Amino acid sequence: MPELSKSYEPGAIEARWAEFWVKEKLFSVPTPPPGETRPVFTLLLPPPNVTGSLHMGHMFEQTQMDIMVRWHRMRGFVTLWLPGMDHAGIATQLMVERQLAKEGKKRRDLGREKFIERVWEWKKHYGGRILDQMKRLGASVDWNREYFTMDENLSRAVREVFVRLFEEGLIYRGKYIVNWCPRCETAISDLEVKHEEVAGKLWEIRYPIVGWSEFITVATTRPETMLGDVAVAVNENDQRYKQLHGKNVLLPLMNREIPIITDELAQPEFGTGAVKVTPAHDPNDFAAGKRHNLPQIDVMDLNARMNENAGSYAGLDRYEARKRVLADLQEQGFLVGEKNHALALGKCDRCGTVVEPRLSEQWFIKIKPLADRAREAVESGEITIVPDNYRQIYLNWMTNIYDWCISRQLWWGHRIPAWTCEGCKEVIVAREAPTRCDKCGGSKLEQVSDVLDTWFSSGLLPFTTLGWPEKTRDLEVFYPNLLMITGFDILFFWLARMVMFGCHFMQGHEQDAAIKQASGEGDKKNDSVPFRHVYIHALVRDADRQKMSKTKGNVVDPLDIIRRFGTDATRFTLAAMAAPGTDIAFNENRTEGYRAFANKIWNAARFMFMNVDHVKQRIGPSQSSQQIGISGFTNARMEDRWILSRFNRAAADVRTALETFRFHEAANRIYDFFWGEFCDWYIELIKPRLVSEDEKTYAPARANIVNLFETSLRLLHPVMPFITEEIWQAMYDGAPPFKSIALTGYPESDWRQSDPAAETEMAILQDLIVSVRNVRAELKVEPKAKVPIELFVHEPDIRRMIEQNQGAVERLANVEAISFVDRTPTGKGTSRSTSRFDVLVIYEAKVDLTAECERLKKELEKIEKGIASGQRQLGNEQFLAKAPQNVVDNLRKQQQELALLREKTEGKLKELSCV
RNA sequence: AGGCCCGUAGCUCAGUUGGUCUAGAGCGCUUCCUUGACACGGAAGAGGUCGAUGGUUCGAAUCCAUUCGGGCCUACCA
C-alpha cells in the first residue's frame, strides 16, 4: 500500500523530483538516426543573460514552454528543448567593472587580456545561477546540450558568419553618426535607445552675415553643438532667405566663416526656417553635410566632453558647455529667443545616460537584402505568428528598417575578425588571424578592438547550436525548430534577427522529409526559416498592473512564491492567467487558490489509496502508454458512463486549447473537471460501491477510480508536473511501467466513450439534488436531519433513471425516502420545479412566507423576462427567416420550458397566497 | 506624429468566428456544517447589463464610429 503523507507539502516533493529528472537525464535527446518516422518538436530556450537571476517573466515564459514541451513529448514527438545562456556584452562587462571599482580599479588598469580573464572568473562564480533556478521550475530541457554563446564552437560560427557576410558585401565599415553612450563608451543600436519625452527649449541664435549688417536667425535645441557648425541651411523655396543664397555667416563664439546653403533639411514652417548644420553631431546634418561636401567638426570626446575643437570650451561636460555657450551668446547679443519645446530624448537602454549622436568608425550590416527575405517568410505563411497582431508589427518593422550597427567598443564579446595592417592601414577580414598583409606584405597586424553586438551571436543560435557550419544530422532533424516562444520586447532584437540570419545562411537547407511530414509541416516549402511557428507571450506585471522593475521595488520573486505555495501552484497560476495577448497582473491570491487545488488532488489521491488495495494489479503498464480515452474502465452504472463521457470531453477541449496556445483554457478546463466533476460528484457517487463487501460491486468501482485518476494525472501533468509525478509513482508502488509520468502518453479523447444520454441524465440528477439542498437550506433544516420528499417526474424514462439512482439522491441530498407521485405534489413543505420534475420537501417548519414569496416573485420576473425576449424574437419574421434553424429550434424548446415553469411558479405563488 | 492594446461582479480575470449569455470563474462576502479524502474542505446564497454615446443587424459584452479613462510600442523635424 503506497503512502502519501497526510498533508500536502509541495516543497519536499518538488525538490526531489526536480533532482530526479535532471539526474536520470530523462529529457536528453539523442540525435535520431536516418529512418526516424516519429514527429519532431524542437524549441530553443531564449537564452537568459549570464548575469540574470530568475524573475517572474522567466518563470511565466518557461512555464508556457514547458507545458508545450511536455505535452508534445507525451504525444510521442521526439522532443528537444535546448537550453543555454547569453554572454550579454554590456551587462556582464558592467558587472565586472563594478566589482573592480570596489577594489579601486578600472578595466583599463588591467588591460584587455586580464579583464577578460576576470570576466570568465566572474562567470564561473556568479554566472548561470538562473539555470539552476530553472531546474527548480521543472523545466524539462536537455541539459546535455546546454550552450553558452561564447563557447568555442559557437564563436567559430560567429566568425564564419561575419566573414561570409563581409565577402558577400553585406558588411561594411565606415564613419557614420551612431548612437553613442558616453558612459558605456560604446556605440549602441537604434533598438538600444529608449526615447523619453522631456520639456526642452528651442533657442534662437542669430548669426551675422559676412559683409552685411544683417543677421540670420537659426533655431536649435542643442546650442553647445554650434561650436561644430559648418553651415547654415535654408530652404531653396523660402522667399525670406532668397537674397542670402551663397552668402557666408560668421559663426559666433568661434569666429569662423561658414556658408549659407540651400537644402531640404531646412523646413520653412519650423522655427525660423533656418537651421544650423553640424554634421558631426546630428544624423540629419550628417546627411546634409554629405550632400554638400561639408567638413565634419567633432567637438566632443568619447565621454561627451568638449574637445580641443571646441576652442575655449574644451574640457567642459556637454551640459556645462551648453550653459556657458548660452551665457556667452546672451552677453554678446546673439541669443534672441527662447521657447519651450517638447522633445524626445534618447537614453541608453542599459544605463539611462542620454545618448549622443556621434561620428565614429563602425561596422554595419546592409540590412535590406536580409530583411526582404525575412519579410517574405512571414508574408507567405512559412512562419506563423500568434497572436496575429504581432505579425503586422513584425512586417512593418522589416519594411522600415535601417542598417544595423554591429560593432561595440567593449571588451567582453565576440571580437570582430578583422585586422589592421600597421604599415598600409589595410583592413583584412579573415576566419583566423592572418600572418601578413595581402596588400603590402607587412607582418605587423593588429586585430580590430571592437566586439560584436550581443544580438549578432544570439541571432544565429537556431542553427549554430545544431552544429552549423557543418552539415550535421542534428540540423537535418531539428532545423527548423517547430516553435519559438518569446516576449514581444525582444521581437526585433532577437526574433527578427534570427529570421534574417536563418533565411540567409540556411538557404537551400532541407529538413529530413519523413520527419517534416510526420511533424505536420509537410506542406511547408521553405526549410531555411529558423522556426515554423512563433508564439508571443504577454508580460507579467505586479498586482497593480505596473511593470515589475528593481528600481520600483515591486518585483515579485518567483522563488519566494514557490516557497510559499509550491511550484505546481505557481505554474498553474501563470498558465491559468496566460490568455494570449493580454498582460497578466500577478496576484498571489490566485496562487493560493491553486495550491488549494493541488491540495484537493492530493487528498483525492489519499482517498483513492485508502479504498483500493491492489493498485499494481489494477493498472497494467499498457495503461500509461494508452493515448485514446480511458482503458480498464467499466460502465457499470450511469455515473460511470457520465464521468467517462465528461473526461473525454475535457481531454478534447484541452487539446484544442493547447493547439491554439490558450493555456488558460486548458488549465481551467482541467481544474473544472478534476474538482467540479471528478471530486465533487463522481467520488461522492461511488463511495458506497467502493466500500461494498461484494466484489462484483467494489471491483469495477475501484478499477474505475484508479484508471480515471491515472489518466487524469497524465492530462494535468504538463501544467503541474510535480504533484502528478508524485501520485503517479505512488500508484505503482515503486514499480512504474515507465521511469516517469513525463514519458507516458497524453490522453486523447475517444468519441466512442462519449455518452450524451448519460450527461443529460446526470444533469437532471444533479438538478434534483441541488433543488432539495436548496430547499433544505432555505427551511433551515437541521443538517443531519433526513427529510422525506415527494417527487413527480414528468417522463417515465427519467423517472426510471431516478429510481435507479434513488440511493444517490437520498445520500447526497440527505433525503429519508422518496415517494414518487403522479402529479405536482402539494402539501406541507416547500417545493421546487424544473421543466422535468417537481419536488416537494416535506418539512414542518415555520416557512418564512415573505422570503419564499419574495424568491418566487424574483424567479417569475426572470422567467417572464426570458419569455418576453424569446417571444419578441419568435414573433419576428426576419428572425425566423434569417436565423439558423438550430438557433430557432433551441429558442422554441427553451420557450416551452419557460412557459411550463411560469405556470408552476404562478401556481405556487397562488398556493402560498403571496401578494 | 503614427500604430497597438485594455476598460465585464468589491478585487483579479475568462467570455474563439455576433445567436441556449436569462453574462462565467477564483478570491473576498453572507448563512450553515468539524459527517473517516480534503476547513488549503463541504452545502446554500448575495452581487455585474458588460466605460459612455450613436450606429450596423432579425439578434451585440462580442462588429463599426465617436468619446472618456488607463497602458504600451514605433518616430532623425532642428
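Quick caveat: nothing in here was measured; it's all calculated off a predicted structure. Numbers restart at 1 for each chain; the letters A, B, ... are given by sequence-line order, proteins then strands.
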With a 4.5 Å cut-off on side-chain heavy atoms, are A:L495 and A:I490 touching? no
Item to complete: Decide, yes or no, whether a salt bridge links A:E897 with A:R892 under the criterion of side-chain N to carboxylate O below 4.0 Å.
Response: no
Checklist line | Touch class at under 4.0 angstrom, heavy-atom based, for A:E684 against every strand present | finding: base
Using Watson-Crick geometry (N1-N3 plus N6-O4 or O6-N4) or G-U wobble (N1-O2, O6-N3), each under 3.5 Å, B:U34 is paired with none
Heavy atoms only, 4.0 Å cut-off, all strands: where does A:A605 land among base, sugar-phosphate and nothing? nothing
By nearest-heavy-atom nucleotide on RNA chain B, the more 5' of A:G273 and A:I863 is A:I863
Closest to the side chain of A:V275, out of B:G47, B:A78, B:C38, is B:A78
To the nearest angstrom, the CD-C1' distance between A:E864 and B:U22 comes to 13 Å
Within the 4.0 Å heavy-atom criterion, would you say A:F597 contacts the bases, only the backbone, or no part of the nucleic acid?
nothing
Next on the checklist: Regarding B:C76, can its base be found pairing with the side chain of A:Y402 as donor and acceptor, where the two atoms are less than 3.5 Å apart?
Outcome noted: yes
Mind checking if A:L265 touches a base, just sugar-phosphate, or nothing, with heavy atoms under 4.0 Å? base
_Over all strands shown, is A:A604 touching base, sugar-phosphate only, or nothing at heavy-atom distances under 4.0 angstrom?_
base
Sorted by number, residues from residues 654-663 of chain A placing a heavy atom under 4.0 Å from RNA chain B are A:R662
Regarding the side chain of A:A777, the nearest nucleotide among B:G47, B:A44, B:C40 is B:A44
Using a 4.0 Å heavy-atom cut-off, does A:V770 contact any base of the nucleic acid, only the sugar-phosphate backbone, or nothing at all? sugar-phosphate
Which of B:A37, B:U34, B:C58 is nearest the side chain of A:K784? It is B:U34
**salt_bridge(A:R564, A:E588) N-O dist < 4.0 Å** = yes
| query | Contact class for A:L891 (heavy atom, under 4.0 Å): base, sugar-phosphate, or nothing? | reply | nothing
inquiry  = Check A:E861 with A:K857, please: is the shortest side-chain N to carboxylate O separation under 4.0 Å?
reply    = no
ask   = Does the base of B:C27 carry an N or O that pairs as donor and acceptor with the side chain of A:N589 under 3.5 Å?
value = no
Charged N-O contact under 4.0 Å between A:R318 and A:E224: no
* How would you label the contact of A:K687 with the nucleic acid (heavy atoms, under 4.0 Å): base, sugar-phosphate, or nothing? -> base
Scan A:R606 against the nucleic acid and name what it touches under 4.0 Å (heavy atoms): base, sugar-phosphate only, or nothing. sugar-phosphate
### Query
If you look at every strand shown and take non-hydrogen atoms under 4.0 Å, does A:P884 touch a base, only sugar-phosphate, or nothing?
base
Only residue of A:K784, A:E782, A:K786 satisfying side chain to side chain donor-acceptor pair (under 3.5 Å) with A:N814 is A:K786
- Message: Under 4.0 Å, counting only non-hydrogen atoms across every strand here, what does A:R773 touch: a base, just sugar-phosphate, or nothing?
- Response: sugar-phosphate
(request) Using a 4.0 Å heavy-atom cut-off across all strands, classify A:W675 as base, sugar-phosphate, or nothing. (result) sugar-phosphate
Among B:C58, B:A14, B:A75, the one nearest any side-chain atom of A:N876 is B:C58
Picking from B:U20, B:C58, B:G36, the nucleotide nearest the side-chain atoms of A:M610 would be B:G36
